[in-house]
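Notes follow the structure.
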Number of protein chains: 2
Amino acid sequence: MHVSSQLRHDQPTRHRHNPGDVLSSLAMTTRYGRGQEIYTQDHPAEHWYRVVSGAARRFTVQVNGRRQIVDFLLPGDFFGLASRNVHLFAVEAIVEGTIVAAYPRERAEALADANPHLGREIRTVTAAEIARLQTRILILGRIGSLGKVSAFLLEMAERLSSRTQASKAGEGILLPMSRYDIADYLTLSVETVSRALTSLKQRGAIRLVGTRRVKIIHYDALEDSDE
Amino acid sequence: MHVSSQLRHDQPTRHRHNPGDVLSSLAMTTRYGRGQEIYTQDHPAEHWYRVVSGAARRFTVQVNGRRQIVDFLLPGDFFGLASRNVHLFAVEAIVEGTIVAAYPRERAEALADANPHLGREIRTVTAAEIARLQTRILILGRIGSLGKVSAFLLEMAERLSSRTQASKAGEGILLPMSRYDIADYLTLSVETVSRALTSLKQRGAIRLVGTRRVKIIHYDALEDSDE
DNA sequence: CGTGCGATTGACTATGTTCAACCGAGGTGG
DNA sequence: CCACCTCGGTTGAACATAGTCAATCGCACG
(Lines give C-alpha, C1' and ligand atoms only; values in the text may rest on other atoms or scores of the structure.)
Protein backbone atom coordinates (compact mmCIF):
# COMPACT_ATOMS: atom_id res chain seq x y z
CA MET A 1 0.00 0.00 0.00
CA HIS A 2 1.25 3.37 -0.89
CA VAL A 3 2.09 5.91 1.77
CA SER A 4 -0.16 8.55 0.37
CA SER A 5 -3.22 6.47 0.98
CA GLN A 6 -2.03 5.68 4.47
CA LEU A 7 -1.96 9.35 5.21
CA ARG A 8 -5.35 9.84 3.73
CA HIS A 9 -8.21 9.75 6.21
CA ASP A 10 -11.31 7.69 5.83
CA GLN A 11 -13.62 9.47 3.54
CA PRO A 12 -16.29 11.13 5.63
CA THR A 13 -19.31 8.89 5.63
CA ARG A 14 -22.51 10.31 4.24
CA HIS A 15 -25.16 11.00 6.80
CA ARG A 16 -28.79 11.75 6.42
CA HIS A 17 -27.91 14.70 8.64
CA ASN A 18 -24.53 16.33 8.80
CA PRO A 19 -22.41 15.41 11.80
CA GLY A 20 -23.20 17.81 14.57
CA ASP A 21 -26.66 18.36 13.22
CA VAL A 22 -28.45 17.13 16.30
CA LEU A 23 -25.75 18.45 18.56
CA SER A 24 -25.97 21.88 17.04
CA SER A 25 -29.00 22.75 19.12
CA LEU A 26 -26.72 22.73 22.16
CA ALA A 27 -23.91 24.72 20.60
CA MET A 28 -22.46 27.89 22.04
CA THR A 29 -20.11 29.53 19.58
CA THR A 30 -17.25 31.78 20.62
CA ARG A 31 -14.78 33.91 18.71
CA TYR A 32 -11.09 33.80 19.64
CA GLY A 33 -8.16 36.04 18.84
CA ARG A 34 -4.74 34.99 17.61
CA GLY A 35 -3.03 32.98 20.34
CA GLN A 36 -6.00 33.14 22.67
CA GLU A 37 -6.56 30.05 24.76
CA ILE A 38 -9.73 28.02 24.32
CA TYR A 39 -9.01 25.89 27.33
CA THR A 40 -5.97 25.18 29.45
CA GLN A 41 -4.29 21.98 30.48
CA ASP A 42 -5.96 20.37 33.53
CA HIS A 43 -9.09 22.39 32.89
CA PRO A 44 -12.29 20.50 33.83
CA ALA A 45 -13.68 18.85 30.71
CA GLU A 46 -17.16 20.32 30.67
CA HIS A 47 -17.54 20.64 26.93
CA TRP A 48 -16.89 19.05 23.62
CA TYR A 49 -15.77 21.41 20.89
CA ARG A 50 -15.80 21.80 17.15
CA VAL A 51 -13.86 24.22 15.01
CA VAL A 52 -16.24 26.21 12.84
CA SER A 53 -13.70 28.42 11.12
CA GLY A 54 -10.07 29.36 11.60
CA ALA A 55 -7.59 26.98 13.19
CA ALA A 56 -6.29 25.94 16.61
CA ARG A 57 -3.41 24.03 18.12
CA ARG A 58 -3.59 21.47 20.89
CA PHE A 59 -0.35 21.33 22.81
CA THR A 60 1.50 20.77 26.03
CA VAL A 61 4.62 22.32 27.46
CA GLN A 62 7.28 19.88 28.63
CA VAL A 63 9.34 20.31 31.77
CA ASN A 64 12.31 21.46 29.70
CA GLY A 65 10.19 24.25 28.28
CA ARG A 66 9.76 22.73 24.84
CA ARG A 67 6.28 23.06 23.41
CA GLN A 68 4.87 19.93 21.85
CA ILE A 69 1.92 20.39 19.52
CA VAL A 70 -0.26 17.30 19.71
CA ASP A 71 -2.36 18.22 16.74
CA PHE A 72 -3.79 21.00 14.66
CA LEU A 73 -7.54 21.52 14.69
CA LEU A 74 -9.12 22.67 11.45
CA PRO A 75 -12.66 23.62 10.44
CA GLY A 76 -14.95 20.64 11.00
CA ASP A 77 -12.69 18.92 13.54
CA PHE A 78 -14.19 17.92 16.85
CA PHE A 79 -11.93 17.95 19.87
CA GLY A 80 -11.98 17.48 23.62
CA LEU A 81 -13.92 14.23 23.39
CA ALA A 82 -11.26 12.13 25.02
CA SER A 83 -11.27 13.48 28.53
CA ARG A 84 -13.53 12.23 31.21
CA ASN A 85 -12.47 14.68 33.88
CA VAL A 86 -9.89 17.23 32.87
CA HIS A 87 -8.35 18.13 29.55
CA LEU A 88 -4.89 16.67 29.14
CA PHE A 89 -3.75 19.43 26.83
CA ALA A 90 -4.27 23.10 26.25
CA VAL A 91 -5.88 24.46 23.10
CA GLU A 92 -5.22 27.87 21.57
CA ALA A 93 -6.58 29.59 18.50
CA ILE A 94 -3.95 30.08 15.81
CA VAL A 95 -5.60 32.63 13.57
CA GLU A 96 -7.47 35.79 14.42
CA GLY A 97 -11.21 35.29 14.57
CA THR A 98 -11.29 31.53 15.00
CA ILE A 99 -14.85 30.40 15.67
CA VAL A 100 -15.39 27.42 17.96
CA ALA A 101 -18.64 25.71 18.91
CA ALA A 102 -18.90 24.29 22.44
CA TYR A 103 -21.31 21.53 23.43
CA PRO A 104 -22.02 20.87 27.12
CA ARG A 105 -20.75 17.36 27.64
CA GLU A 106 -23.24 16.16 30.21
CA ARG A 107 -26.22 17.33 28.25
CA ALA A 108 -24.85 15.90 25.03
CA GLU A 109 -24.34 12.53 26.69
CA ALA A 110 -27.83 12.59 28.13
CA LEU A 111 -29.19 13.43 24.71
CA ALA A 112 -27.19 10.61 23.21
CA ASP A 113 -28.75 8.16 25.65
CA ALA A 114 -32.16 8.96 24.27
CA ASN A 115 -31.18 9.43 20.65
CA PRO A 116 -29.34 6.54 18.99
CA HIS A 117 -28.68 8.61 15.92
CA LEU A 118 -26.74 11.11 17.98
CA GLY A 119 -24.90 8.25 19.63
CA ARG A 120 -23.71 7.05 16.25
CA GLU A 121 -22.75 10.56 15.29
CA ILE A 122 -20.58 10.86 18.35
CA ARG A 123 -18.95 7.54 17.63
CA THR A 124 -18.27 8.72 14.10
CA VAL A 125 -16.54 11.93 15.07
CA THR A 126 -14.63 10.13 17.79
CA ALA A 127 -13.48 7.54 15.30
CA ALA A 128 -12.39 10.40 13.06
CA GLU A 129 -10.30 11.81 15.89
CA ILE A 130 -8.66 8.43 16.38
CA ALA A 131 -7.89 8.16 12.69
CA ARG A 132 -6.38 11.65 12.76
CA LEU A 133 -4.15 10.75 15.69
CA GLN A 134 -3.04 7.53 14.06
CA THR A 135 -1.99 9.19 10.83
CA ARG A 136 -0.32 11.76 13.06
CA ILE A 137 1.76 9.01 14.62
CA LEU A 138 2.73 7.85 11.15
CA ILE A 139 3.99 11.31 10.30
CA LEU A 140 5.92 11.63 13.53
CA GLY A 141 7.27 8.17 12.94
CA ARG A 142 8.94 9.08 9.70
CA ILE A 143 12.65 9.55 9.93
CA GLY A 144 14.26 12.43 8.18
CA SER A 145 13.13 16.02 8.01
CA LEU A 146 12.18 15.86 4.32
CA GLY A 147 9.82 12.98 4.92
CA LYS A 148 8.20 14.65 7.89
CA VAL A 149 7.69 17.99 6.21
CA SER A 150 6.45 16.32 3.03
CA ALA A 151 3.97 14.22 4.97
CA PHE A 152 2.88 17.31 6.84
CA LEU A 153 2.20 19.18 3.62
CA LEU A 154 0.23 16.28 2.20
CA GLU A 155 -1.80 16.02 5.40
CA MET A 156 -2.60 19.71 5.35
CA ALA A 157 -3.46 19.67 1.65
CA GLU A 158 -5.82 16.79 2.33
CA ARG A 159 -7.45 18.26 5.41
CA LEU A 160 -7.66 21.85 4.21
CA SER A 161 -8.90 21.22 0.72
CA SER A 162 -11.63 18.83 1.84
CA ARG A 163 -12.90 21.61 4.08
CA THR A 164 -14.15 24.99 2.93
CA GLN A 165 -10.85 26.66 2.07
CA ALA A 166 -12.37 27.45 -1.34
CA SER A 167 -8.93 26.84 -2.79
CA LYS A 168 -9.56 28.10 -6.27
CA ALA A 169 -7.94 25.63 -8.57
CA GLY A 170 -4.24 26.25 -8.75
CA GLU A 171 -3.73 28.52 -5.78
CA GLY A 172 -2.45 25.80 -3.46
CA ILE A 173 -3.16 25.77 0.23
CA LEU A 174 -2.88 28.50 2.82
CA LEU A 175 -1.14 27.24 5.93
CA PRO A 176 -2.72 28.80 8.99
CA MET A 177 0.31 28.14 11.20
CA SER A 178 3.81 29.54 11.54
CA ARG A 179 7.07 27.72 10.94
CA TYR A 180 7.46 27.49 14.70
CA ASP A 181 4.12 25.72 14.98
CA ILE A 182 5.16 23.29 12.25
CA ALA A 183 8.44 22.65 13.99
CA ASP A 184 6.75 21.90 17.33
CA TYR A 185 4.28 19.69 15.48
CA LEU A 186 6.94 17.62 13.73
CA THR A 187 9.47 17.67 16.56
CA LEU A 188 12.01 19.48 14.47
CA SER A 189 13.81 22.77 14.88
CA VAL A 190 12.47 25.77 12.96
CA GLU A 191 15.67 25.92 11.00
CA THR A 192 15.29 22.35 9.84
CA VAL A 193 11.70 22.96 8.76
CA SER A 194 12.81 25.99 6.83
CA ARG A 195 15.63 24.12 5.15
CA ALA A 196 13.35 21.22 4.24
CA LEU A 197 10.89 23.60 2.60
CA THR A 198 13.55 25.37 0.57
CA SER A 199 14.93 22.00 -0.44
CA LEU A 200 11.51 20.85 -1.65
CA LYS A 201 11.08 24.13 -3.45
CA GLN A 202 14.44 23.91 -5.15
CA ARG A 203 13.78 20.43 -6.44
CA GLY A 204 10.48 21.64 -7.86
CA ALA A 205 8.19 19.58 -5.65
CA ILE A 206 6.39 22.60 -4.26
CA ARG A 207 5.99 26.29 -4.94
CA LEU A 208 5.91 28.91 -2.21
CA VAL A 209 3.94 32.14 -2.59
CA GLY A 210 4.96 34.40 0.22
CA THR A 211 5.56 32.32 3.26
CA ARG A 212 2.20 30.79 4.04
CA ARG A 213 0.83 29.75 0.67
CA VAL A 214 2.02 26.41 -0.68
CA LYS A 215 1.26 24.84 -4.00
CA ILE A 216 2.13 21.20 -4.34
CA ILE A 217 3.54 20.55 -7.81
CA HIS A 218 4.62 16.94 -7.66
CA TYR A 219 2.69 14.85 -5.19
CA ASP A 220 4.81 11.87 -6.07
CA ALA A 221 7.99 13.67 -5.15
CA LEU A 222 6.59 14.39 -1.71
CA GLU A 223 5.25 10.92 -1.18
CA ASP A 224 8.57 9.41 -2.11
CA SER A 225 10.43 11.59 0.36
CA ASP A 226 11.27 8.76 2.64
CA GLU A 227 14.19 9.09 4.95
CA MET B 1 2.87 20.16 35.52
CA HIS B 2 5.27 17.33 35.74
CA VAL B 3 5.85 15.06 32.80
CA SER B 4 5.04 11.92 34.71
CA SER B 5 1.47 12.99 35.14
CA GLN B 6 1.26 13.91 31.48
CA LEU B 7 2.20 10.41 30.54
CA ARG B 8 -0.21 8.91 33.02
CA HIS B 9 -3.58 7.98 31.62
CA ASP B 10 -6.87 8.99 33.08
CA GLN B 11 -7.62 6.73 35.95
CA PRO B 12 -10.15 4.18 34.76
CA THR B 13 -13.55 5.37 35.82
CA ARG B 14 -15.56 3.12 38.08
CA HIS B 15 -18.51 1.52 36.43
CA ARG B 16 -21.42 -0.30 37.90
CA HIS B 17 -20.44 -2.93 35.37
CA ASN B 18 -16.99 -3.44 33.99
CA PRO B 19 -16.37 -2.08 30.54
CA GLY B 20 -17.22 -4.74 28.04
CA ASP B 21 -19.71 -6.28 30.37
CA VAL B 22 -22.67 -5.86 28.07
CA LEU B 23 -20.51 -6.41 25.02
CA SER B 24 -19.18 -9.66 26.36
CA SER B 25 -22.29 -11.51 25.34
CA LEU B 26 -21.22 -10.97 21.72
CA ALA B 27 -17.61 -11.92 22.19
CA MET B 28 -15.75 -14.55 20.21
CA THR B 29 -12.36 -15.23 21.71
CA THR B 30 -9.44 -16.55 19.70
CA ARG B 31 -5.96 -17.70 20.62
CA TYR B 32 -2.97 -16.52 18.57
CA GLY B 33 0.60 -17.69 18.29
CA ARG B 34 3.74 -15.56 18.41
CA GLY B 35 3.79 -13.25 15.39
CA GLN B 36 0.42 -14.48 14.13
CA GLU B 37 -1.70 -11.82 12.48
CA ILE B 38 -5.03 -10.84 14.01
CA TYR B 39 -6.00 -8.77 11.03
CA THR B 40 -4.18 -7.25 8.09
CA GLN B 41 -3.99 -3.75 6.75
CA ASP B 42 -6.96 -2.90 4.49
CA HIS B 43 -8.94 -5.74 5.99
CA PRO B 44 -12.68 -5.00 6.22
CA ALA B 45 -13.46 -3.70 9.71
CA GLU B 46 -16.11 -6.16 10.75
CA HIS B 47 -15.17 -6.41 14.39
CA TRP B 48 -14.01 -4.52 17.40
CA TYR B 49 -11.43 -6.27 19.51
CA ARG B 50 -10.15 -6.45 23.04
CA VAL B 51 -6.97 -8.04 24.33
CA VAL B 52 -7.80 -10.55 27.04
CA SER B 53 -4.29 -11.76 27.75
CA GLY B 54 -0.90 -11.56 26.09
CA ALA B 55 0.08 -8.61 23.93
CA ALA B 56 -0.16 -7.41 20.34
CA ARG B 57 1.36 -4.78 18.09
CA ARG B 58 -0.49 -2.54 15.66
CA PHE B 59 1.77 -1.50 12.82
CA THR B 60 2.24 -0.55 9.21
CA VAL B 61 5.07 -1.11 6.78
CA GLN B 62 6.29 1.98 4.98
CA VAL B 63 7.26 2.07 1.33
CA ASN B 64 10.93 2.00 2.27
CA GLY B 65 10.38 -1.24 4.14
CA ARG B 66 10.61 0.22 7.62
CA ARG B 67 8.05 -1.10 10.06
CA GLN B 68 6.30 1.51 12.15
CA ILE B 69 4.55 0.26 15.27
CA VAL B 70 1.57 2.50 15.94
CA ASP B 71 0.90 1.13 19.37
CA PHE B 72 1.15 -1.84 21.65
CA LEU B 73 -2.04 -3.50 22.77
CA LEU B 74 -2.08 -4.92 26.27
CA PRO B 75 -4.65 -6.86 28.30
CA GLY B 76 -7.79 -4.76 28.65
CA ASP B 77 -7.11 -2.58 25.63
CA PHE B 78 -9.81 -2.25 23.01
CA PHE B 79 -8.73 -1.74 19.44
CA GLY B 80 -10.09 -1.49 15.94
CA LEU B 81 -12.77 0.99 16.94
CA ALA B 82 -11.57 3.73 14.66
CA SER B 83 -12.30 2.26 11.27
CA ARG B 84 -15.60 2.53 9.54
CA ASN B 85 -14.68 0.46 6.53
CA VAL B 86 -11.26 -1.07 6.53
CA HIS B 87 -8.54 -1.29 9.15
CA LEU B 88 -5.77 1.19 8.50
CA PHE B 89 -3.15 -0.97 10.18
CA ALA B 90 -2.28 -4.59 10.69
CA VAL B 91 -2.30 -6.21 14.12
CA GLU B 92 -0.15 -9.16 15.19
CA ALA B 93 0.12 -11.07 18.43
CA ILE B 94 3.48 -10.58 20.13
CA VAL B 95 3.51 -13.39 22.63
CA GLU B 96 2.52 -17.01 22.27
CA GLY B 97 -1.04 -17.70 23.34
CA THR B 98 -2.40 -14.17 23.15
CA ILE B 99 -6.16 -14.25 23.70
CA VAL B 100 -8.28 -11.69 21.85
CA ALA B 101 -12.02 -11.14 22.07
CA ALA B 102 -13.80 -10.04 18.88
CA TYR B 103 -17.15 -8.23 18.85
CA PRO B 104 -19.16 -8.02 15.63
CA ARG B 105 -19.28 -4.31 14.92
CA GLU B 106 -22.70 -4.10 13.33
CA ARG B 107 -24.39 -6.03 16.07
CA ALA B 108 -22.59 -4.06 18.75
CA GLU B 109 -23.73 -0.81 17.18
CA ALA B 110 -27.28 -2.03 16.91
CA LEU B 111 -27.17 -3.08 20.53
CA ALA B 112 -25.81 0.31 21.47
CA ASP B 113 -28.74 2.00 19.78
CA ALA B 114 -31.10 0.27 22.14
CA ASN B 115 -28.91 0.31 25.21
CA PRO B 116 -27.64 3.71 26.37
CA HIS B 117 -25.42 2.09 28.95
CA LEU B 118 -23.56 0.23 26.24
CA GLY B 119 -23.33 3.43 24.26
CA ARG B 120 -21.55 5.10 27.17
CA GLU B 121 -19.31 2.11 27.55
CA ILE B 122 -18.23 2.37 23.96
CA ARG B 123 -17.59 6.06 24.32
CA THR B 124 -15.49 5.32 27.38
CA VAL B 125 -13.26 2.75 25.74
CA THR B 126 -12.95 4.93 22.66
CA ALA B 127 -11.94 7.87 24.80
CA ALA B 128 -9.35 5.60 26.41
CA GLU B 129 -7.95 4.77 23.00
CA ILE B 130 -7.69 8.46 22.20
CA ALA B 131 -5.90 9.14 25.46
CA ARG B 132 -3.49 6.30 24.74
CA LEU B 133 -2.69 7.70 21.30
CA GLN B 134 -2.21 11.19 22.67
CA THR B 135 0.27 10.11 25.31
CA ARG B 136 1.88 8.10 22.53
CA ILE B 137 2.39 11.28 20.55
CA LEU B 138 4.00 12.85 23.59
CA ILE B 139 6.47 10.01 23.82
CA LEU B 140 7.29 10.15 20.13
CA GLY B 141 7.60 13.89 20.46
CA ARG B 142 10.40 13.68 22.95
CA ILE B 143 13.81 14.38 21.54
CA GLY B 144 16.71 12.22 22.55
CA SER B 145 16.87 8.49 22.91
CA LEU B 146 17.12 8.54 26.70
CA GLY B 147 13.92 10.52 27.02
CA LYS B 148 12.04 8.28 24.61
CA VAL B 149 13.15 5.04 26.19
CA SER B 150 12.51 6.39 29.68
CA ALA B 151 9.04 7.53 28.72
CA PHE B 152 8.44 4.14 27.13
CA LEU B 153 9.41 2.33 30.31
CA LEU B 154 7.19 4.55 32.42
CA GLU B 155 4.29 3.98 30.04
CA MET B 156 4.72 0.24 30.15
CA ALA B 157 5.12 0.20 33.92
CA GLU B 158 1.90 2.17 34.18
CA ARG B 159 -0.07 0.11 31.70
CA LEU B 160 1.23 -3.30 32.70
CA SER B 161 1.01 -2.90 36.45
CA SER B 162 -2.52 -1.53 36.35
CA ARG B 163 -3.52 -4.67 34.51
CA THR B 164 -3.26 -8.18 35.85
CA GLN B 165 0.51 -8.74 35.52
CA ALA B 166 0.46 -9.72 39.24
CA SER B 167 3.80 -8.02 39.55
CA LYS B 168 4.74 -9.25 42.96
CA ALA B 169 6.16 -6.29 44.76
CA GLY B 170 9.73 -5.75 43.71
CA GLU B 171 9.94 -7.88 40.60
CA GLY B 172 9.55 -5.06 38.16
CA ILE B 173 7.72 -5.42 34.87
CA LEU B 174 8.01 -8.06 32.19
CA LEU B 175 8.22 -6.49 28.76
CA PRO B 176 6.32 -8.62 26.26
CA MET B 177 8.14 -7.15 23.26
CA SER B 178 11.60 -7.42 21.75
CA ARG B 179 14.15 -4.63 21.39
CA TYR B 180 13.25 -4.48 17.72
CA ASP B 181 9.63 -3.86 18.59
CA ILE B 182 10.65 -1.12 20.99
CA ALA B 183 12.84 0.44 18.32
CA ASP B 184 10.05 0.47 15.75
CA TYR B 185 7.73 1.88 18.38
CA LEU B 186 10.02 4.75 19.30
CA THR B 187 11.41 5.35 15.82
CA LEU B 188 14.93 4.55 16.89
CA SER B 189 17.42 1.94 15.78
CA VAL B 190 17.75 -1.22 17.86
CA GLU B 191 21.27 -0.24 18.72
CA THR B 192 20.19 3.08 20.13
CA VAL B 193 17.50 1.44 22.25
CA SER B 194 20.03 -1.02 23.58
CA ARG B 195 22.51 1.73 24.37
CA ALA B 196 19.87 3.80 26.12
CA LEU B 197 18.92 0.88 28.31
CA THR B 198 22.49 0.14 29.30
CA SER B 199 22.99 3.80 30.00
CA LEU B 200 19.95 3.90 32.28
CA LYS B 201 21.15 0.72 33.96
CA GLN B 202 24.62 2.10 34.53
CA ARG B 203 23.35 5.24 36.13
CA GLY B 204 21.21 3.16 38.46
CA ALA B 205 17.84 4.30 37.18
CA ILE B 206 16.71 0.78 36.29
CA ARG B 207 17.72 -2.82 36.88
CA LEU B 208 17.61 -5.48 34.18
CA VAL B 209 16.96 -9.13 35.00
CA GLY B 210 17.70 -11.10 31.91
CA THR B 211 16.64 -9.07 28.92
CA ARG B 212 12.89 -8.71 29.32
CA ARG B 213 12.40 -7.97 32.99
CA VAL B 214 12.86 -4.37 34.06
CA LYS B 215 12.72 -2.94 37.53
CA ILE B 216 12.49 0.81 37.76
CA ILE B 217 14.62 2.03 40.64
CA HIS B 218 14.43 5.79 40.35
CA TYR B 219 11.28 7.04 38.72
CA ASP B 220 12.54 10.59 39.05
CA ALA B 221 15.66 9.81 37.08
CA LEU B 222 13.55 8.50 34.21
CA GLU B 223 11.10 11.35 34.33
CA ASP B 224 13.89 13.88 34.23
CA SER B 225 15.46 12.28 31.17
CA ASP B 226 14.62 15.15 28.94
CA GLU B 227 16.72 15.93 25.95
C1' DC C 1 8.21 54.74 7.97
C1' DG C 2 10.19 52.25 11.56
C1' DT C 3 10.13 48.31 14.54
C1' DG C 4 9.79 43.53 15.64
C1' DC C 5 8.83 38.99 14.83
C1' DG C 6 8.89 35.31 11.66
C1' DA C 7 11.80 33.20 8.29
C1' DT C 8 16.03 31.95 6.03
C1' DT C 9 20.87 30.77 5.66
C1' DG C 10 25.52 29.49 7.32
C1' DA C 11 29.08 27.21 10.37
C1' DC C 12 29.87 24.11 13.96
C1' DT C 13 28.46 20.53 17.14
C1' DA C 14 25.88 16.80 19.10
C1' DT C 15 23.29 12.83 18.56
C1' DG C 16 21.60 8.85 16.24
C1' DT C 17 22.26 5.67 12.32
C1' DT C 18 24.85 2.41 9.86
C1' DC C 19 28.01 -1.20 9.29
C1' DA C 20 30.27 -4.75 11.54
C1' DA C 21 31.68 -7.85 14.99
C1' DC C 22 30.61 -10.53 18.88
C1' DC C 23 27.90 -12.78 22.54
C1' DG C 24 24.54 -15.97 24.54
C1' DA C 25 20.37 -18.56 24.99
C1' DG C 26 17.22 -21.73 22.84
C1' DG C 27 15.94 -25.04 19.60
C1' DT C 28 16.95 -28.57 16.08
C1' DG C 29 18.95 -32.28 14.01
C1' DG C 30 22.66 -35.52 13.54
C1' DC D 1 23.34 -35.76 24.11
C1' DC D 2 25.86 -32.48 22.14
C1' DA D 3 27.17 -29.55 18.25
C1' DC D 4 25.53 -26.21 15.56
C1' DC D 5 22.75 -22.65 13.95
C1' DT D 6 19.81 -18.88 14.35
C1' DC D 7 17.93 -14.99 16.38
C1' DG D 8 17.88 -11.41 19.65
C1' DG D 9 20.87 -8.45 22.07
C1' DT D 10 24.99 -5.73 22.97
C1' DT D 11 29.12 -3.07 21.82
C1' DG D 12 32.38 -0.42 18.87
C1' DA D 13 33.85 2.85 15.08
C1' DA D 14 32.84 5.73 11.15
C1' DC D 15 29.44 8.50 9.09
C1' DA D 16 25.20 11.23 8.34
C1' DT D 17 21.70 14.17 9.81
C1' DA D 18 19.44 17.40 12.69
C1' DG D 19 20.25 20.72 16.49
C1' DT D 20 22.46 24.94 18.14
C1' DC D 21 24.33 29.40 17.82
C1' DA D 22 24.48 33.39 15.21
C1' DA D 23 23.71 36.67 11.62
C1' DT D 24 20.74 38.57 8.20
C1' DC D 25 16.57 39.26 5.75
C1' DG D 26 11.94 40.80 4.90
C1' DC D 27 7.30 41.23 5.57
C1' DA D 28 3.54 42.82 8.43
C1' DC D 29 1.75 45.71 11.67
C1' DG D 30 1.52 49.65 14.25
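Lettering follows sequence order; numbering is per chain, from 1.
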Looking for any heavy atom pair under 4.0 Å, which part of the strands does [X] touch: base, sugar-phosphate only, or nothing?
{"X": "B/S189", "result": "base"}
{"X": "A/S178", "result": "sugar-phosphate"}
{"X": "A/T187", "result": "sugar-phosphate"}

Are OP1 or OP2 of [N] and a side-chain N or O of [X] less than 4.0 angstrom apart?
{"X": "B/T198", "N": "D/dT10", "result": "no"}
{"X": "B/R212", "N": "D/dG9", "result": "yes"}
{"X": "A/T192", "N": "D/dG19", "result": "yes"}

Does NZ or CZ of A/R132 lie under 6.0 Å from the centre of the six-membered ring of A/F72, at an angle within 45° of the ring axis?
no

Round to a whole Å and report the spacing from [atom1] of [X] to [atom2] of [N].
{"X": "A/E191", "N": "C/dC12", "atom1": "CD", "atom2": "P", "answer": "16 Å"}
{"X": "A/L197", "N": "D/dA18", "atom1": "CG", "atom2": "P", "answer": "13 Å"}
{"X": "A/K201", "N": "C/dA7", "atom1": "NZ", "atom2": "C1'", "answer": "11 Å"}
{"X": "B/Y180", "N": "D/dT6", "atom1": "OH", "atom2": "P", "answer": "15 Å"}
{"X": "B/D181", "N": "D/dG8", "atom1": "CG", "atom2": "P", "answer": "9 Å"}
{"X": "A/K148", "N": "D/dG19", "atom1": "NZ", "atom2": "C1'", "answer": "12 Å"}
{"X": "A/R213", "N": "D/dC27", "atom1": "CZ", "atom2": "P", "answer": "16 Å"}
{"X": "A/L188", "N": "C/dT15", "atom1": "CG", "atom2": "P", "answer": "17 Å"}

Take B/G210 and A/V190, find for each the nucleotide of DNA chain D with the closest heavy atom, and name the residue whose nucleotide sits nearer the 5' end.
B/G210

For the pair A/R159 and A/D77, evaluate salt bridge (charged side-chain N to carboxylate O under 4.0 Å, His left out) and give the outcome as yes or no after the intermediate values.
CA-CA 10 Å; A/R159 289 176 63 188; A/D77 288 336; 2.6 Å; yes

Decide, yes or no, whether a salt bridge links A/R179 with A/E191 under the criterion of side-chain N to carboxylate O below 4.0 Å.
no

Using a strict 4.0 Å threshold on nitrogen-to-oxygen distance, state whether B/R34 and B/E96 make a salt bridge.
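Here B/R34 does not pair with B/E96 in a salt bridge, since their nearest N and O are not under 4.0 Å apart.
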
Could you please spell out the steps behind the side chain to side chain donor-acceptor pair (under 3.5 Å) verdict for B/R203 and B/S199?
CA-CA 6 Å; B/R203 67 182 67 181; B/S199 170; 3.1 Å; yes

Let me spell it out: for each of A/R34 and A/R195, pick the nucleotide of DNA chain C with the closest heavy atom. Which residue's pick is nearer the 5' end?
A/R34

Donor/acceptor link under 3.5 angstrom from A/R66 side chain onto base of D/dT20:
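Between D/dT20 and A/R66, which were checked side chain against base, a qualifying N/O pair under 3.5 Å is absent.
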
